[in-house]
**Q** 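Below are the structure tokens for one structure; questions will follow.
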Amino acid sequence: MFMHNKKLMYTVRVAEPNPALATLMLEQFGGPQGELAAAMRYFTQGLADEDVGRRDLLMDIATEELSHLEIIGSIVAMLNRGAKGKLAEAAEEEADLYASMTSGGESHTMSILYGGGTALINSAGVPWTAAYIDSIGDPACDLRSNIAAESRAKIVYERLINVTDDAGIKDALTFLMTREVAHQKSFEKALYAIPANFPPGKLPGHPDFADKYYNMSQGDGDASGSWNEGEQWEVVDDREAQAAVDGGAGDASVKLAASDKKTVQAFAARTRSDPSANPITGADLGAGPGAGRTTPMEAPA
């Protein structure tokens with residue numbers, strides 16, 4: 001059960017309308033790192049979590065994210081308020097109205113399509129989608145994903161803070177950014193409270209490959225660190241040793257029934273290319289400057 005308190009979780013003070021800034025703020029309203037995505041991610045995880053403590057944590061943070069959605073949505077609404085009225089009432093001449101809608105940005109799209117409302121889109125106008133929710137149903141996986149999501153959201157808030165000089169907006173965004181930090185700490189505690197949280201899932205990794213580091217990108221710029229050297233790692237530099245690491249032939253095969261094998265062989269024979277052919281193609285016939293080397297047409301007899 002949810003109950004709405006008419007007081008915002010944090011006070012929103014906007015100095016003056018700014019439709020272009022409102023469009024940027026939509027990134028945290030209907031964007032992939034935004035508050036709605038976070039709320040739905042944690043809410044759906046909480047519904048399915050079998051651990052009472054984690055379920056409570058996820059539901060608490062999911063509900064708080066909805067309150068953050070209300071804050072960022074209120075910022076968007078206040079930034080659009082002047083242009084919204086002018087557009088609805090045609091209070092200016094056409095040129096002035098268009099100028100107030102765009103303000104140097106793409107906010108005219110939001111004004112025309114959504115009337116300056118807090119639309120569930122990101123700053124580029126892309127509608128919100130449940131595809132932003134990347135939960136997989138394993139707590140060790142989902143908590144790591146949540147930690148990353150909070151980290152990304154913090155960076156987006158930093159960028160939004162940097163593009164405005166409105167002190168009231170900066171203040172509210174700083175609160176929202178800081179709550180991302182707090183949530184990340186909670187999720188990290190919940191992750192490491194699971195005694196065996198790595199690797200995720202139940203099945204162990206294969207011991208022959210769990211400690212190998214394959215140096216696949218070689219040349220200038222090769223670097224070493226704790227991620228690929230030391231007692232924990234067996235570094236494989238040799239190119240031959242990087243192929244067919246299972247000891248097999250390194251090819252692909254499948255056992256086919258005799259009838260299937262015959263059909264596949266017939267298909268291969270029918271579609272086989274003739275390596276001795278050099279046909280005149282459409283590219284040859286229409287070749288112009290920049291086409292590179294083409295097959296010349298034979299001179300008429």
**Q** Tell me whether Arg270 contacts the main-chain N or O of Ala266 through its side chain, where contact means a donor paired with an acceptor under 3.5 Å.
**A** no
**Q** Please report the interatomic distance CG(Leu120) to CG(Leu36), rounded to the nearest 0.5 Å.
**A**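 One finds 5.5 Å between CG of Leu120 and CG of Leu36.
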**Q** When clusters are formed from ILVMFWY side-chain contacts under 4.5 Å, directly or step by step, what else is grouped with Phe187?
**A** Tyr42, Leu57, Leu58, Ile61, Leu143, Ile147, Leu191, Tyr192, Ile194
**Q** Heavy atoms only: give me the nearest Thr294-Ala287 pair and the separation to one decimal.
**A** CG2-CB, 3.8 Å
**Q** Should the heavy atoms of other residues, nucleotides or ligands under 6.0 Å from CG of Asp208 be counted, would the total exceed 12?
**A** yes
**Q** Can you pull the salt bridge (Lys or Arg N to Asp or Glu O under 4.0 Å) pairs that have at least one residue in residues 44-61, sequence neighbours excluded?
**A**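 Qualifying pairs: Asp49-Arg54.
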**Q** Transitively linked via ILVMFWY side-chain contacts under 4.5 Å: Leu8 with Leu26?
**A** yes
**Q** Okay, side chain of Thr271, backbone of Phe267: is any donor-acceptor separation there less than 3.5 Å?
**A** yes
**Q** Taking the side chain as C-beta and beyond, is there a heavy-atom pair between Gln28 and Leu176 under 4.5 Å?
**A** no
**Q** Does atom CZ of Arg13 have more than 12 heavy-atom neighbours from other groups under 6.0 Å away?
**A** no
**Q** State yes or no: do Val126 and Trp128 share one hydrophobic cluster built from I, L, V, M, F, W and Y residues joined by side-chain heavy-atom distances below 4.5 Å, directly or via other members?
**A** yes
**Q** Side chains of Ile72 and Tyr157: closer than 4.5 Å at any heavy-atom pair?
**A** yes
**Q** Specify the closest pair of heavy atoms between Ala37 and Gly31, including all atoms of both residues, with the distance to one decimal.
**A**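 Closest heavy-atom pair between Ala37 and Gly31: CB-O, 4.0 Å.
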**Q** Find the distance between CG (Asp134) and OG (Ser145) and round it off to the nearest 0.5 Å.
**A**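 Reported to 0.5 Å precision, the distance equals 3.0 Å.
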**Q** Can you list the other members of the hydrophobic cluster that holds Val181, where links are side-chain heavy atoms under 4.5 angstrom apart?
**A**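 Joined to Val181, directly or through intermediates: none.
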**Q** Out of curiosity, Met59 CE to Gln45 CD, how far, rounded to the nearest 0.5 Å?
**A** 10.5 Å
**Q** Please answer: with hydrophobic residues joined when any side-chain heavy atoms are less than 4.5 Å apart, are Val163 and Ile75 in the same cluster?
**A**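 Val163 clusters together with Ile75.
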**Q** More than 12 heavy atoms of other residues, nucleotides or ligands under 6.0 Å from NZ of Lys212: is that the case?
**A**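 Yes, NZ of Lys212 has more than 12 neighbouring heavy atoms, counting only those of other groups under 6.0 Å.
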**Q** Pairs in or reaching into residues 247-260: which pass side-chain hydrogen bond (donor to acceptor under 3.5 Å, both in side chains), with residues at least two apart or in two chains?
**A**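 Found none.
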**Q** Side-chain heavy atoms nearer than 4.5 Å, only ILVMFWY residues, links allowed to pass through others: does that put Met3 and Met9 together?
**A**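 Met3 does not cluster with Met9.
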**Q** Kindly state each residue pair satisfying side-chain hydrogen bond (donor to acceptor under 3.5 Å, both in side chains) with at least one member in residues 237-250, sequence neighbours excluded.
**A**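 Output for this query lists Asn215-Asp237, Arg239-Gln242.
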**Q** Given the rule in the side-chain contact (heavy atoms from CB on, under 4.5 Å) test, do Glu65 and Arg41 qualify, once you have shown the distances and angles that lead to the verdict?
**A** CA-CA 10 Å; Glu65 301 289 18; Arg41 180 183 293 112; over 6 Å; no
**Q** Enumerate the residue pairs fulfilling ring-ring contact (aromatic ring centres under 6.0 Å, His included) with a member in residues 195-220, sequence neighbours excluded, ordered by first and then second residue.
**A**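 Every ring-ring contact (aromatic ring centres under 6.0 Å, His included) pair that includes a residue of residues 195-220, provided the two are not neighbours, is His206-Phe209.
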**Q** Ser74 and side-chain contact (heavy atoms from CB on, under 4.5 Å): which partner among Thr118, Val12, Leu69, Leu79?
**A** Val12
**Q** Please report the interatomic distance OG(Ser67) to NE2(His4), rounded to the nearest 0.5 Å.
**A** 9.5 Å
**Q** Using the side-chain contact (heavy atoms from CB on, under 4.5 Å) criterion, which residues pair with Lys185? Sequence neighbours excluded.
**A** none
**Q** Kindly write out the residues that satisfy side chain to side chain donor-acceptor pair (under 3.5 Å) with Glu64, not counting sequence neighbours, or none if the list is empty.
**A**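 Listed in chain order: His68, Arg179, His183.
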**Q** Once side chain to side chain donor-acceptor pair (under 3.5 Å) is applied, do any residues pair with Thr281, and if so which ones, sequence neighbours excluded?
**A** Asp284
**Q** Can you name the residues that form a side chain to side chain donor-acceptor pair (under 3.5 Å) with Ser224, not counting sequence neighbours?
**A** none
**Q** Name all residues meeting the salt bridge (Lys or Arg N to Asp or Glu O under 4.0 Å) criterion together with Glu158; count only those two or more places apart in sequence or in a different chain, and write none if there are none.
**A** Lys154
**Q** Which heavy atom of Asp138 sits nearest a heavy atom of Pro200, and at what distance?
**A**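 Residues Asp138 and Pro200, closest heavy atoms: OD1-CB, 3.9 Å.
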**Q** Met78 versus Ile169: any side-chain heavy-atom pair under 4.5 Å?
**A** no
**Q** How long is the gap from CH2 on Trp233 to CG on Asp211, to the nearest 0.5 Å?
**A** 7.0 Å
**Q** For the residue pair Arg159 and Ile155, establish whether any side-chain heavy-atom pair is separated by less than 4.5 Å.
**A** yes
**Q** Which value, rounded to the nearest 0.5 Å, describes the distance between Glu16 atom CD and Leu21 atom CG?
**A** 10.0 Å
**Q** Of the non-hydrogen atoms in Ser135 and Thr44, which two are nearest, and what is the gap between them?
**A**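 Taking every non-hydrogen atom into account, OG-OG1, 4.4 Å.
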**Q** Does the side chain of Met40 come within less than 4.5 Å of Tyr132's, by heavy atoms?
**A**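 No, side chains not in contact.
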**Q** Side-chain contact, heavy-atom cut-off 4.5 Å: Pro32 with Glu27?
**A** yes
**Q** Working note: Phe175 + Ile71, criterion side-chain contact (heavy atoms from CB on, under 4.5 Å); need CA distance, chi angles, decisive distance, verdict.
**A** CA-CA 10 Å; Phe175 166 75; Ile71 294 171; 3.9 Å; yes
**Q** According to side-chain contact (heavy atoms from CB on, under 4.5 Å), who are the partners of Thr178, at least two apart in sequence or on a separate chain?
**A** Thr174
**Q** Taking all heavy atoms of Cys141 and all of Ile136, pick out the closest pair and write down the distance.
**A** CB-CG2, 3.6 Å
**Q** Which pair of non-hydrogen atoms, one from Asp222 and one from Ser217, has the smallest distance, and what is that distance?
**A** OD1-O, 2.9 Å
